[in-house]
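For the single chain, residues carry numbers from 1 onward in sequence order. Both ligands and their constituent atoms are indexed starting at 1 by order of listing. Values below: all heavy atoms of this structure, side chains included; hydrogens, waters and symmetry mates excluded.
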Amino acid sequence: MAATDNHFKLTMLLFGLLFVASLHLTVGQVGTFFGRLGTNLPGPAATVTLYQQNNIRRMRLFDPHAPTLRALSGTNIRLMMGVSHSDLRDLANCPQAATAWVRQNILRFPNVTFRYIIVGNEIDPNSELGPFVFPAMQNVYRAIRVAGQGGRVQVSTSIQISLLSRWSPPQLAAFKCSVNWFIRPILEFLRETRAPMHINIFPFYAYINDRRNINLSFALLQPNSGVVLGGVYYDNLFYVIHDAFIAAMTKILAAASPLSLQQTPEMQAGMEVKGTTGIPSGGENAAPPPEGSIPFERNTTALSDGPINTNNNARTYINNLMRVVRTGTPMRPGRPIETYIFSMFDENLRPGPDYERHFGIFLPNGQPKFPFRFR
Ligand SMILES: *[C@@H]1O[C@H](CO)[C@@H](O)[C@H](O)[C@H]1NC(C)=O
Ligand SMILES: *[C@@H]1O[C@H](CO)[C@@H](O)[C@H](O)[C@H]1NC(C)=O
Ligand SMILES: *[C@@H]1O[C@H](CO)[C@@H](O)[C@H](O)[C@H]1NC(C)=O
């Protein structure tokens, strides 16, 4: 009887786990960023068709773009949409500007599935725009609430790794002291509004900045022998960077004022994060490593690994990504990571080194550069 009983409990447990897993996976975890800095790109309607044909169910847009919003209307594609950086100052200074922005860019498109508004992408806190990010987030949040959209649209911002003073081992990651004034109110606000932080996770840049110390397989998320960092086993660089952000955010929130509200299970589990990632498939070989910190405790990678930005490596990275985001990281086991691939297309007007114009997973003519499968 006891054995049967246990068997029953085990079955129920497994059933419960499967149920939780299926809830997480009802909508594909991986979407793509539709950047439009190209002279030769398909139009919004053709692009939305490409999303549908390839089962890509999430889109990230850098800013509101009415033709794309019209093309998305009536589809089930979930949208993460940014705010033009030129609007940040007004949105921060003037609640009416936020009200108008929400009317113009959200309410006018009732059949678009807005999920997140990203107020500022990788804004340098100590730049001119830095001080506007948090007040703009607050005003946009309030305007969305007043418009009755608070239940379905969350407000966040997007940060990059340069805000961290160190990121390896992940447990020792922390925000730079010079950005604490910026990040702390934002994290407290996200916690209160139960919105996710958005982080940009680019093993590609970490690798080209420190080729001598990072194994190519590790950067491409290939099965490899891994590395122990701060006593924890990591087998890919995506997880390392993700967990570094988690650790840094957790430290800020632990030091922040305690919650007045009762802690929900989500809060105890820690703030959710969404990520954007990508890798170029070509362009000139990436820059040599600069002088400076060496995040890894070992030096196994020879320069003979060759350039990372090849078509074959991009194919490897993107296909491995589809797998690693489903399982969770050492700090967040079992929690899939909603991730946006940067970018949908190669964008020939994107500034910077040559490889910046090779981040697409599709050619401008709509052909995939290599095989992949969204699910
Ligand atoms: C939204 O969809 C509904 C139902 O299909 C339709 O009647 C309505 O005209 C659409 N609104 C807009 C603004 O596209
Ligand atoms: C990188 O890791 C792979 C897989 O563990 C291994 O086969 C390869 O030798 C490593 N490369 C270097 C240069 O250490
Ligand atoms: C790493 O290995 C390379 C190649 O063996 C060597 O030239 C270099 O000095 C090493 N770097 C460090 C920091 O030990």
Residues R57 and N55: side-chain donor-acceptor under 3.5 angstrom: yes

Sequence-distant partners of F182, ring-ring contact (aromatic ring centres under 6.0 Å, His included), two or more places apart: none

Heavy-atom side-chain proximity of Y239 to P170 below 4.5 angstrom: no

Aromatic plane relationship, F33 with F62 - under 30° parallel, 30 to 60° tilted, over 60° perpendicular: tilted

Kindly print each ligand 1 N/O atom paired with any protein N/O atom under 3.5 angstrom away, one pair per line, or none if nothing qualifies.
from, atom 1, to, atom 2, distance (Å)
ligand 1, 2 (O), N111, OD1, 3.2
ligand 1, 2 (O), N111, ND2, 2.3
ligand 1, 11 (N), N111, ND2, 3.0
ligand 1, 14 (O), N111, ND2, 3.3

Presence of salt bridge, R194 and E192, under 4.0 angstrom: no

Pair Y234 and H242, ring centroids less than 6.0 Å apart: no

